[in-house]
Undergrad: 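One structure coming up, written as structure tokens, with questions to follow.
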Amino acid sequence: MFLTIFLLIIIVTYSFLMGSIAIILSIPYRNINIVHSIARLWGRGICRLTGVTVEVRGIENILWDRSQIFISNHQGMYDIFALEGYMPIRFLWIAKESLFRIPVIGWVMKRAGYIGINRSSPKRFLKSLNHAVEEIKSGRSVIIFPEGTRSRDGSIGRFKKGSLFLISKTGAPVVPVAISGSFNVMRRGGFRIRPGKVSIFIDKPIEVKEISRSQEGQFMETLRDIIVKNFQKLESDRMQLRE
């Protein structure tokens, strides 16, 4: 318990420190790249300061010359720190609009150009999605957790179809991303932090030409199957290292 409290203090303090630096530097320079660079240092710093190592495989599958939609499973809070800190390409988060009202952290999210999703009405939700479509078409990549929330038991839940709107409207390649280990570091509903290892696997991009309404369910299931397969491989490798 003492270790968890100590690590939580580190996370909060470091987050506000890096967030303040990002805001201060973004005012005179008005350069979004500065904010993204500091956010990357923030993600890496939190992992290192709390004893979490991160391994990324499949970097060769990233498309460096065009925008793409990364689709990832969501194991726990450390998914955010690991992806932000160790994915070697800049991307935008798609997050609940309420998070943008958090002091310092929310301000940094706005400065970085992250996309807020408002589900209070169908009209506002559609407006949020269209904003994301515009960002992708302008050349920016995004990352989505199609489960919609963190895993309760470490398994991968059902994928919701919301991301299909962005896929069909932009025609951007879909890149499956599997994350393993973060569930054990910090589980949903708890505050205990267990230092350990988070593994990320980036699979080959999927070119999507057109998805009919009748094919939507099958496409999301196929995408989920790819991520589940890679997740199970990462979990198996992690268990072998323990033995």
Side-chain angles (χ1 to χ4, degrees), residues 43 52 54 56-58 61 68-87 91-100 109 114-120 122 125-126 128-129 132-133 136 141-170 172-191 194 196-206 208 211 215-236 238:
V52 175
V54 180
V56 183
R57 307 181 197 173
N61 292 321
Q68 55 220 284
I69 300 173
F70 294 100
I71 300 291
S72 173
N73 62 310
H74 199 5
Q75 288 284 289
M77 182 65 70
Y78 268 77
D79 295 340
I80 296 171
F81 305 144
L83 290 168
E84 185 68 72
Y86 292 87
M87 283 284 281
F91 57 85
L92 300 179
W93 290 99
I94 296 180
K96 295 178 182 178
E97 197 171 74
S98 59
L99 297 177
F100 289 74
M109 292 172 69
Y114 297 157
I115 302 164
I117 295 295
N118 189 323
R119 296 180 180 272
S120 61
F125 183 50
L126 182 60
S128 302
L129 291 178
V133 168
I136 296 168
S141 298
V142 301
I143 191 161
I144 304 171
F145 296 127
E147 292 167 276
T149 187
R150 288 169 288 167
S151 175
R152 292 183 179 276
D153 58 6
S155 64
I156 298 178
R158 183 178 63 86
F159 281 10
K160 298 178 180 178
K161 295 183 180 180
S163 54
L164 281 170
F165 182 88
L166 304 183
I167 296 169
S168 61
K169 290 291 184 180
T170 63
V174 179
V175 182
V177 177
I179 300 180
S180 167
S182 57
F183 176 78
N184 297 309
V185 174
M186 189 176 188
R187 299 182 180 183
R188 178 180 175 177
F191 294 97
R194 305 169 182 84
K197 180 180 179 180
V198 174
S199 297
I200 300 171
F201 183 80
I202 305 165
D203 210 323
K204 295 178 181 179
I206 301 171
V208 183
I211 304 175
Q215 295 173 322
E216 290 179 350
Q218 182 59 50
F219 176 79
M220 293 306 293
E221 194 61 34
T222 298
L223 190 58
R224 181 182 178 276
D225 287 344
I226 293 171
I227 294 175
V228 167
K229 179 193 70 175
N230 293 329
F231 169 74
Q232 291 174 343
K233 178 65 167 58
L234 292 175
E235 287 282 288
S236 176
R238 188 167 59 86

Undergrad: May I ask you to test the Leu166-Leu129 pair for a side-chain heavy-atom distance under 4.5 Å?
TA: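 Side chain of Leu166 against side chain of Leu129, heavy atoms only: contact under 4.5 Å found.
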Undergrad: As an exercise, state the distance from OG1 of Thr149 to NZ of Lys160, rounded to the nearest 0.5 Å.
TA: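 Thr149 OG1 to Lys160 NZ: 7.5 Å, rounded to 0.5 Å.
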Undergrad: Residues in salt bridge (Lys or Arg N to Asp or Glu O under 4.0 Å) with Lys233, at least two apart?
TA: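 Expected list: Asp237.
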Undergrad: Please give me the minimum heavy-atom distance between Ile115 and Ser128, naming the atom from each residue.
TA: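 Of all heavy-atom pairs spanning Ile115 and Ser128, the closest is CG2-O, 4.0 Å.
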Undergrad: Sequence neighbours left out, what passes side chain to side chain contact (heavy atoms under 4.5 Å, CB included) with Leu126? Give chain and number order.
TA: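 By the side chain to side chain contact (heavy atoms under 4.5 Å, CB included) rule, Leu126 matches Asn130, Phe165.
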Undergrad: Heavy atoms only: give me the nearest Leu223-Pro176 pair and the separation to one decimal.
TA: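 Nearest heavy atoms, Leu223 then Pro176: CD1-CG, 3.8 Å.
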Undergrad: Please examine the side chains of Ser168 and Ile211, heavy atoms only from C-beta on, and report whether any two atoms are closer than 4.5 Å.
TA: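 Heavy-atom side-chain distance check fails, nothing below 4.5 Å.
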Undergrad: So does Arg188 get a backbone contact from the side chain of Arg150, meaning a donor-acceptor N/O pair under 3.5 Å?
TA: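 Side chain of Arg150 to backbone of Arg188: no pair is present.
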Undergrad: Indicate yes or no: at least one non-hydrogen side-chain atom of Pro205 is less than 4.5 angstrom from one of Asn61.
TA: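 Pro205 reaches Asn61 side chain to side chain.
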Undergrad: Measuring from Ile117:CD1 to Phe100:CZ, what's the distance to the nearest 0.5 Å?
TA: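 One finds 8.5 Å between CD1 of Ile117 and CZ of Phe100.
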Undergrad: Do other residues, nucleotides or ligands put more than 12 heavy atoms under 6.0 Å from Met220 CE?
TA: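 Yes, because the 6.0 Å sphere around CE of Met220 holds more than 12 heavy atoms from other groups.
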Undergrad: Nearest 0.5 Å please: distance from the CD1 atom of Ile179 over to the CG atom of Asp79.
TA: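 These two atoms lie 4.0 Å from each other.
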Undergrad: Tell me, please, which residues at least two apart from Phe183 pass side chain to side chain contact (heavy atoms under 4.5 Å, CB included).
TA: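 For Phe183, the residues satisfying side chain to side chain contact (heavy atoms under 4.5 Å, CB included) (neighbours in sequence not counted) are Gln75, Arg187.
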Undergrad: Applying side chain to side chain contact (heavy atoms under 4.5 Å, CB included), name anything that partners Thr170, two or more places apart in sequence or on another chain.
TA: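 Partners of Thr170 under the side chain to side chain contact (heavy atoms under 4.5 Å, CB included) test: Ile69, Val133, Ile136, Lys137, Ala172.
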Undergrad: Tell me, please, which residues at least two apart from Ser72 pass side-chain hydrogen bond (donor to acceptor under 3.5 Å, both in side chains).
TA: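 Counting only residues at least two positions away or on another chain, Ser72 forms no side-chain hydrogen bond (donor to acceptor under 3.5 Å, both in side chains).
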Undergrad: Of all residues at least two apart in sequence or in a different chain, which pass the salt bridge (Lys or Arg N to Asp or Glu O under 4.0 Å) check with Glu235?
TA: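 With neighbours one apart ignored, the set is Arg238.
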Undergrad: Does Gln215 have any side-chain hydrogen bond (donor to acceptor under 3.5 Å, both in side chains) partners at least two apart in sequence or in another chain, and if so, which?
TA: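 Per chain and number, Gln215 pairs via side-chain hydrogen bond (donor to acceptor under 3.5 Å, both in side chains) with Ser212.
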Undergrad: Whether the side chain of Arg57 engages the backbone of Leu234 through a donor-acceptor N/O pair (distance < 3.5 Å, no angle test) should be reported.
TA: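 The answer is no, because no donor-acceptor pair under 3.5 Å joins these two groups.
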Undergrad: Using side-chain hydrogen bond (donor to acceptor under 3.5 Å, both in side chains) as the criterion, list what pairs up with Glu84, not counting sequence neighbours.
TA: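 With neighbours one apart ignored, the set is Trp93, Tyr114.
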Undergrad: Just by distance, do the side chain of Ser141 and the backbone of Gln68 share a donor-acceptor pair under 3.5 Å?
TA: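 Yes, because the side chain of Ser141 sits within donor-acceptor range (under 3.5 Å) of the backbone of Gln68.
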Undergrad: Could you give the distance from CD (Glu97) to CE (Met109), rounded to the nearest 0.5 Å?
TA: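 Interatomic distance, Glu97 CD to Met109 CE, rounded to 0.5 Å: 10.5 Å.
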Undergrad: Please report the shortest heavy-atom distance between Ala178 and Asn230, naming the atom on each side.
TA: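 Answer, listing the atom of Ala178 first, then Asn230: CB-CB, 3.7 Å.
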Undergrad: I want to check something: taking the side chain as every heavy atom from C-beta on, are Leu83 and Phe145 in contact at a cut-off of under 4.5 Å?
TA: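 Answer yes - side chains close enough.
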Undergrad: Report the distance from atom OG of Ser182 to atom CD1 of Ile200, rounding to the nearest 0.5 Å.
TA: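 Those atoms lie 8.5 Å apart.
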Undergrad: Would you say Val52 and Tyr78 make side-chain contact, with heavy atoms under 4.5 Å?
TA: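 Of all side-chain heavy-atom pairs linking Tyr78 with Val52, at least one is under 4.5 Å.
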Undergrad: Any non-hydrogen side-chain atom of Phe81 less than 4.5 Å from a side-chain atom of Val198?
TA: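 No, too far: nothing below the 4.5 Å cut-off.
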Undergrad: Using a 4.5 Å cut-off on heavy atoms from C-beta on, say whether the side chain of Ile206 contacts that of Thr222.
TA: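 No, their side chains stay 4.5 Å or more apart.
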Undergrad: Excluding sequence neighbours, so at least two apart, what forms side chain to side chain contact (heavy atoms under 4.5 Å, CB included) with Asp225?
TA: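 By the side chain to side chain contact (heavy atoms under 4.5 Å, CB included) rule, Asp225 matches Glu221.
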Undergrad: For Ser236, enumerate each residue passing the side-chain hydrogen bond (donor to acceptor under 3.5 Å, both in side chains) test, keeping only those at least two apart in sequence or located in another chain.
TA: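 So Ser236 forms no side-chain hydrogen bond (donor to acceptor under 3.5 Å, both in side chains) with any residue.
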Undergrad: If you compare all heavy atoms of Arg224 against all heavy atoms of Phe159, which two are closest, and at what distance to 0.1 Å?
TA: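 Smallest interatomic distance, heavy atoms only, reads CA-CE2, 3.5 Å.
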Undergrad: Looking at CG of Asn73 and CD1 of Ile227, how far apart are the two atoms once the value is rounded to the nearest 0.5 Å?
TA: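 Asn73 CG to Ile227 CD1: 6.0 Å, rounded to 0.5 Å.
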